[in-house]
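Heads up: the structure comes next, in structure tokens.
As the structure is a computational prediction, the values presented were derived from the model and not from experiment. Order of the sequence lines sets the chain letters (A, B, ...), proteins ahead of strands, with each chain counted from 1.
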Amino acid sequence: METKNVMIVGVGGQGSLLASKLLGRLLLSRGYDIKVSEVHGMSQRGGSVVTYVRFGDKVYSPVIDKGQADYIVSFELLEAARWTEYLKPNGKIITNTQQINPMPVIIGAMAYPEELLAKMQAAGVDVDAMDALTLAQQAGSSKAVNLVLMGRLSRYFDIPKEECIAAIEASVPPKFLEMNKVAFELGRQE
Amino acid sequence: MKQLILGNEAVARGLYEAGCAFVSSYPGTPSTEITEAVAKYQEVYAEWAPNEKVAMEAAFGASLAGRRSFCGMKHVGLNVAADPLFTISYTGVNAGMVIGVADDAGMHSSQNEQDSRHYAKASKIPMLEPSDSAEALEFTKLAFELSERFDTPVLLKMCTRVSHSQSVVELGERVEAVKEYETNIPKYVMMPGNAKRRHPVVEARTAALIDYAETAPINRVEDGADHTYGFLTSSTSYQYIKEVVGDRYPVMKLGMIWPMPEQSIRAFAESVDTLVVVEELDGFIEAQCQRLGVVCIGKEKFSCIDELSQNIVADALAIEREVGIALEETIPPRPPVMCAGCPHRGLFYTLKKNKITVLGDIGCYTLGAVAPLNAVDSVICMGASVSGLHGFSKSQQGAADNKTVAVIGDSTFIHSGITGLVNMAYNESCATVIIVDNSITGMTGHQHNPTTGYNLKGDPCTKIDLETLCRAVGINRVRVVDPYDLAACDAAIKEELAAEEPSVIISRRPCALLKTVKHKKPLTVDADRCVGCKMCMRIGCPAISMADGKAKVDGTQCVGCGVCEQLCKVGALVAPKED
């Protein structure tokens with residue numbers, strides 16, 4: 001199989017590492033060669049963060065470059081716009097519509113761009129947008145945004161739901177398991 | 001069993017399987033997880049040392065005693081440990097000793113982009129360079145074999161993309177390897193007479209290692225049908241070139257980057273029309289090719305600045321690639337910031353307000369330099385704030401004494417700030433050092449250190465008392481302040497700077513991200529009172545923004561630290577009653 005590329009982008013501290021852990025576990029159980037590239041250290045402190053997940057028969061590079069992502073899963077709207085150029089011509093962006101102001105916007109040096117979703121669509125980007133924060137809160141915690149988005153991503157993957165659930169069970173502490181499963185379902189169905 | 005693990009976790013697994021018994025490291029991105037992961041194996045003793053020099057010397061001591069040992073650090077940490085490195089090269093080892101060093105091309109979390117391969121050549125120590133997790137595990141085990149076979153420490157060079165990428169590994173079993181200690185003064189006491197006899201041994205060892213490199217399986221050629229080009233490469237650069245050219249052209253991959261196999265490189269160069277060296281950062285392999293008289297293309301095509309990627313490699317080789325859709329929109333950058341509730345914020349705000357020159361240091365508090373605080377004037381390396389302050393102060397003959405401070409974290413102070421403070425006491429500076437004690441090593445992800453009272457394994461241990469330590473080296477004025485209390489911070493800074501002797505302020509408040517720290521309820525804004533003066537915006541808290549001319553607090557981020565409340569002159573920021 002040709003290598004597939006998924007980028008998970010967001011703001012440091014939003015929980016993208018759990019999303020990539022989950023995806024990695026799921027793909028490993030399917031027998032693929034996989035590489036998952038993460039960001040640790042300073043960038044995690046509220047900065048723009050990106051995780052690359054690549055899988056196929058043989059994966060070489062640990063990173064995804066411009067024009068190569070089949071899917072971009074974004075935890076925040078501005079971050080979806082930031083990484084658009086990394087999408088393949090026929091790729092898809094799955095994004096949370098939540099907006100988190102970066103420091104240049106907070107201090108009034110720059111503006112948070114308006115109508116980003118419409119602008120992305122007008123540029124020819126295939127965007128699947130959802131209010132993942134509200135769904136996560138509905139599931140029981142604003143921290144479950146990651147599972148909502150993974151649920152949505154799973155709709156585009158030809159992988160049985162039971163396998164996804166098994167990967168969640170193996171990645172999440174028992175205390176939060178039920179809430180995360182609900183979040184996954186909400187994202188998948190919505 | 002197949003597992004998907006980080007390159008750093010794979011090194012830890014390799015240490016375990018190789019029978020390594022002793023690990024001493026200092027945390028530093030991207031190397032930290034090696035030591036955190038190996039600490040989970042009961043069979044391995046693992047610790048955080050106060051700095052990399054101590055870690056390397058401790059690892060040497062364990063090797064001397066007959067136990068396989070390891071020390072891990074980031075690239076700049078190897079500078080700190082360079083002193084023992086060059087001499088352990090002369091003594092060699094008893095049981096195997098491996099030194100892990102992780103470079104940070106692209107400077108994701110570092111202050112420079114140095115290429116640690118130069119250390120292998122300069123210290124005449126062999127260096128292995130894995131390109132994924134499977135190799136990280138395999139090379140770690142091999143490093144111990146080579147260490148004992150050639151009587152040398154072995155450098156294991158990681159980098160951000162190998163350390164922090166997960167890929168698939170096959171796990172093996174642990175094999176114990178223990179040696180006896182024997183006194184050997186000519187080998188281990190490096191004074192001139194003995195060292196003179198050891199240097200030729202080192203040169204002979206390098207010659208033997210070159211012979212080994214010629215046939216070592218980790219240096220391999222993957223043939224291709226088209227010999228118009230051939231690529232000589234290592235580490236992540238191997239992954240990028242394979243991603244771009246696949247099996248079309250021959251690729252020679254060096255798993256051992258020092259010393260290099262001279263005959264094999266010559267033979268490979270002769271087998272292709274044009275040799276291209278693909279490597280990140282400096283032209284290290286390229287320089288060796290030039291020394292061997294092998295003509296190649298290298299750094300004129302691939303920059304020595306920043307990390308490589310498949311697109312950079314494709315563009316350099318004029319190979320077509322797909323292009324994504326860029327939005328015609330200015331996207332504001334999202335730089336890292338101090339977290340909401342970070343105890344460093346109130347301190348830096350007070351320093352800025354008093355127009356103090358701040359010599360900064362390495363840690364989360366380096367972020368005091370970014371807008372809107374802009375409160376740090378210099379950052380060089382671990383400990384440089386304190387020693388730099390001394391030079392700044394002394395050279396100004398007192399003119400800077402009441403307006404210049406050093407700001408250094410608890411872990412960094414123990415790492416190498418203490419020696420600078422000794423100098424200030426001994427040579428009688430009249431300046432103020434501020435230790436920002438957040439009770440943890442923060443930036444690298446919450447590691448314990450000698451001031452936290454817990455060791456790497458999480459067990460309670462001796463806790464070094466910073467106040468007593470500072471007094472013991474000769475500082476009479478030592479005081480503690482809570483950085484959430486702006487008035488107390490202001491008073492402490494004014495009084496200590498006015499004092500006519502060196503002083504230490506310990507700004508003490510645990511990191512807001514620590515699980516043991518209880519957060520208060522988020523503040524709310526009384527919109528009727530808020531006049532939109534933006535005083536609260538001056539502290540650069542990510543939880544505060546302006547909406548329709550009024551301040552707004554993001555309740556999902558705010559931890560109720562109350563620093564903004566103290567700035568508001570109209571009482572518009574309100575802390576809800578705690579239950």
Check: Distance from A:Asp65 atom CG to B:Arg321 atom CZ, nearest 0.5 Å?
Finding: 6.5 Å
Notebook entry, point to check: Given the options A:Met120, A:Arg82, A:Lys66, which has more heavy-atom pairs under 4.5 Å with chain B than any of the others?
Noted result: A:Arg82
Notebook entry, point to check: Which pairs pass salt bridge (charged side-chain N to carboxylate O under 4.0 Å, His left out) with one or both residues in residues 94-119 of chain A, sequence neighbours excluded?
Noted result: A:Lys119-B:Glu329
Notebook entry, point to check: Is it the backbone or the side chain of A:Lys35 that comes under 4.5 Å from a heavy atom of chain B, or both, or neither?
Noted result: both
Next item on the list: Between chain A and each of B:Arg538, B:Met546, B:Arg334, count heavy-atom pairs under 4.5 Å; write down the option with the most.
Entry: B:Arg334
Note to self: Between A:Val105 and chain B, with a heavy-atom cut-off of 4.5 Å, which part of the residue counts as in contact: side chain, backbone, both or neither?
What the structure shows: side chain
Margin query: Quick check on A:Leu28 against chain B: is it the side chain, the backbone, both or neither that has a heavy atom closer than 4.5 Å?
Written below: side chain
Next item on the list: Check whether A:Leu116 gets within reach of chain B through its side chain, its backbone, both or neither, counting any heavy atom under 4.5 Å.
Entry: side chain
Check: Thinking salt bridges, do A:Arg54 and B:Glu243 make one under a 4.0 Å N-O criterion?
Finding: yes
Next item on the list: Go through the steps to decide whether A:Ser61 and B:Gln310 satisfy the test side-chain hydrogen bond (donor to acceptor under 3.5 Å, both in side chains), and finish with yes or no.
Entry: CA-CA 7 Å; A:Ser61 171; B:Gln310 51 266 44; 2.8 Å; yes
Note to self: With a 4.5 angstrom heavy-atom cut-off, is it the side chain or the backbone of A:Ala111 that approaches chain B, or both, or neither?
What the structure shows: backbone
Next item on the list: Calculate, to the nearest 0.5 Å, the distance between atoms OH and OG belonging to A:Tyr60 and B:Ser131 respectively.
Entry: 10.0 Å
Notebook entry, point to check: Going from NE2 on B:His164 to OG1 on A:Thr51, what distance comes out if it is rounded to the nearest 0.5 angstrom?
Noted result: 11.5 Å
